[in-house]
Asker: 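The structure's right below; bear with me while I get my questions together.
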Amino acid sequence: MESGQYLNLVPWVVFMPVIGLVINLLFGKRFGETFSGVVGSLASGLSFIVSVLVAMGLAAHPEAAIVTLGEWITIGALQVHWAFRVDTLSVVMMLVVSGVGTLIHIYSIGYMHSDVRHNGDPERFTRFFVYLNLFIASMMTLVSADNFLMMFVGWEGVGLCSYLLIGFWFEKGKNGTGNAEAAKKAFITNRIGDFGLLIAMFMIFKYFGSFQFDTVFGQAAQVAQAHPGAMLAITLFMLLGVTGKSAQIPLFVWLPDAMAGPTPVSALIHAATMVTAGVYLVARSSAFYALVPTAQTVVMWIGGLTAFFAATIAIGQYDIKKVLAYSTISQLGFMVAAVGMGATVAGMFHLVTHAFFKGLLFLAAGSVIQGVERGLHHAHGAGELDPQDMRNMGGLRKVMPVTFWVYLIGGLALSGIVPLAGFFSKDEILAAAYHGQPALFILLVISAFMTAFYMGRQLVMVFFGKPRSAAAEGASESPKVMTIPLIILAGLSIIGGVLNLPGVHTLEHWLSHTLGEGEPAEFIWLVAGLSLILALAGLGLGWLVYAGKLSKADAPDPMKSKLGPVFTGMEHKWWVDEFYQTLILNPYKAFSEFMANPVDLGVIDRIGGGLAAGARSASEGLSKIQNGFVRSYALWMLIGLVAIMTYLILK
């Protein structure tokens, strides 16, 4: 097959995971865990292979190609095809989603083998891989779509999958409903964002008459000139969708609660799939945002403020996954700020490298959690302490050496230590801000320092010092089916920076075929040096504050005495959930109760009840006519005949 013909394979990036989930639905439980895990992983892996082949074909012919399966919707002027778009931007996303997603699938074979037994329901193993394959299929639909409507199908699909996977153990959690509540919170919060995207799509069809990307973006300049207010509204409504999917202010509150799902779910959501959708949407719609400076400014500051705000919260968390969750929100803020500034390549570069090291960190956190759970089991203390609470850990580098080293690599990459991937991608964003947005630059630099600090804090609390519980002391390393994907992701976190090295700009040149030619990202030694110094300072400060200070699990956090009420605010997530509860949820519940009792039961139900009673009375009256006596029927016939004759005579 010629390289150009590889492009026609693109529908298989969606079909492969769909085939995998269908096979597991039909035969998974019958043939057992190994079969389900292999089928699910193979389906995602084949999707990755197809993505590689498509990338090879695109490298030979970099111009965008459209592969149409058929006509989808035709209603009047609305014509939508089920069509796949192959360009350099979509292929980057395909490779990241399927590549990192496959490693997560393989890791899940080992993780879920223990998790389903720990939670007392081995029958759910196959269901988990069905959901994972559906997640990959939905995300691949989103990033490969050639029009907004098809993209929205994938957009909603990943929302559904997040609901299913966050609530995978729906009967677990606080009061037996905590996980179900977390899933519901994610679903409802994202519906708010999805409403914004839907309004943007309706406006796009009104002003452009199409959903197809080339048609819409080709008319963007004319529409922006003729209807500037409409273009501003479209981009801002899109941003509402971005704040939902990519967990930005004000709709970020669902993402930390998403930790209720099994750890591979956290990795899939945070690293490769759902949260990257919003960044991808702005990158795909860069032709819109370039024409609306006001929208660009709003996007930029939403990202910058989110990066800073979430980093402050991460400092005060004790759950190993919650720290990483707020870190994800913060790093997404960096990406959103970048695409808002017009530094779209820098934002996409950070999206790719973040998928490597954040996927690594979440999966390594899962390894830590299960290691502590094994220690709990050996200590005969199952259920006596939280295996995700970092205060119950300590000293794990000795008993879990592979997990320690890969976690260290991921933590250093996230902190921005040279020559790891995070250093280069974060530096490009800081350099873009340094050129034209000095206030944003300062905000992002402070956020980067806090990132290094909370990662230093986490590394010390989890891996260094002496074990602070019998569970940590009895912890053991995870099986190879879990550690091998960790090692691969660690390798990608080390070398990922080569994708867009200063002076080479490989990713920049690749994406220029889709995003247009721009000025190559400039490497600024001052910015790079400052970033590295602050990263080292943050890590060092984390070591100085926490090393040797937590001798037992209930020891007070050293930061409490230093920051006082500020740390209390960080620890309580600045009471944002409580604020939303008071401002929105409680009034909504009160209003719904009012509508349910005085209005629904008191008025509407009474009207319905009155109509029913009237119908019942009428039927009872008429039933007396049908009494079964022939003489009664003859009498009524006579009365009817007399009535008819009287009418005719009078007429």
Asker: The criterion is ring-ring contact (aromatic ring centres under 6.0 Å, His included); which residues satisfy it with Phe211, sequence neighbours excluded?
Answerer: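 Phe211 satisfies ring-ring contact (aromatic ring centres under 6.0 Å, His included) with Phe205 once adjacent residues are dropped.
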
Asker: Counting only heavy atoms from other residues, nucleotides and ligands, does the tally under 6.0 Å from NZ of Lys172 exceed 12?
Answerer: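 Yes, NZ of Lys172 has more than 12 neighbouring heavy atoms, counting only those of other groups under 6.0 Å.
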
Asker: Just wondering, are more than 12 heavy atoms of other shown residues or ligands nearer than 6.0 Å to OH in Tyr163?
Answerer: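 No, because the 6.0 Å sphere around OH of Tyr163 holds 12 heavy atoms or fewer from other groups.
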
Asker: Around Phe31, counting heavy atoms of other residues, nucleotides and ligands shown, do more than 12 lie under 6.0 Å from its CZ?
Answerer: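 Yes - once you tally the heavy atoms of other residues, nucleotides and ligands closer than 6.0 Å, there are more than 12.
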
Asker: Can you check whether Phe148 and Phe152 have ring centres sitting under 6.0 Å from each other?
Answerer: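 No: the rings miss the under 6.0 Å criterion.
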
Asker: Decide yes or no on salt bridge (Lys or Arg N to Asp or Glu O under 4.0 Å) for Lys398 and Glu473, but give the supporting numbers first.
Answerer: CA-CA 10 Å; Lys398 297 178 181 178; Glu473 193 171 1; over 6 Å; no

Asker: Mind telling me whether Phe84 and Trp82 have parallel, tilted or perpendicular rings, with 30° and 60° as the class edges?
Answerer: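 Answer is perpendicular, since the angle exceeds 60°.
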
Asker: Mind checking whether Phe27 and Phe35 have ring centres under 6.0 Å apart?
Answerer: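 No.
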
Asker: Less than 4.0 Å between a side-chain N and a carboxylate O, is that true for Arg391 and Asp386?
Answerer: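 Not counted as a salt bridge, because no side-chain N and carboxylate O are separated by less than 4.0 Å.
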
Asker: With a 4.0 Å cut-off on N to O distance, would you call Arg191 and Glu156 a salt bridge?
Answerer: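 Yes, charged N to carboxylate O under 4.0 Å.
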
Asker: Angle class for the Phe334/His350 ring planes (parallel below 30°, perpendicular above 60°, tilted otherwise)?
Answerer: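 Ring orientation, 0 to 90° scale: tilted.
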
Asker: How are the rings of Phe15 and Trp12 set relative to one another: parallel (under 30°), tilted (30 to 60°) or perpendicular (over 60°)?
Answerer: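 Rings of Phe15 and Trp12: perpendicular, over 60°.
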
Asker: Please check if the distance between the ring centroids of Phe464 and Phe404 is under 6.0 Å.
Answerer: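 Phe464 vs Phe404: aromatic centres under 6.0 Å.
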
Asker: Could you check whether any side-chain N or O of Arg468 sits under 3.5 Å from a backbone N or O of Met390, counting only pairs where one atom can act as donor and the other as acceptor?
Answerer: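 Checking the backbone N and O of Met390 against the side chain of Arg468, a donor-acceptor pair under 3.5 Å is found.
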
Asker: Would you call Asp319-Lys321 a salt bridge at under 4.0 Å N-O?
Answerer: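 Looking at Lys321 together with Asp319, the answer is no, because their closest N to O distance does not fall below 4.0 Å.
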
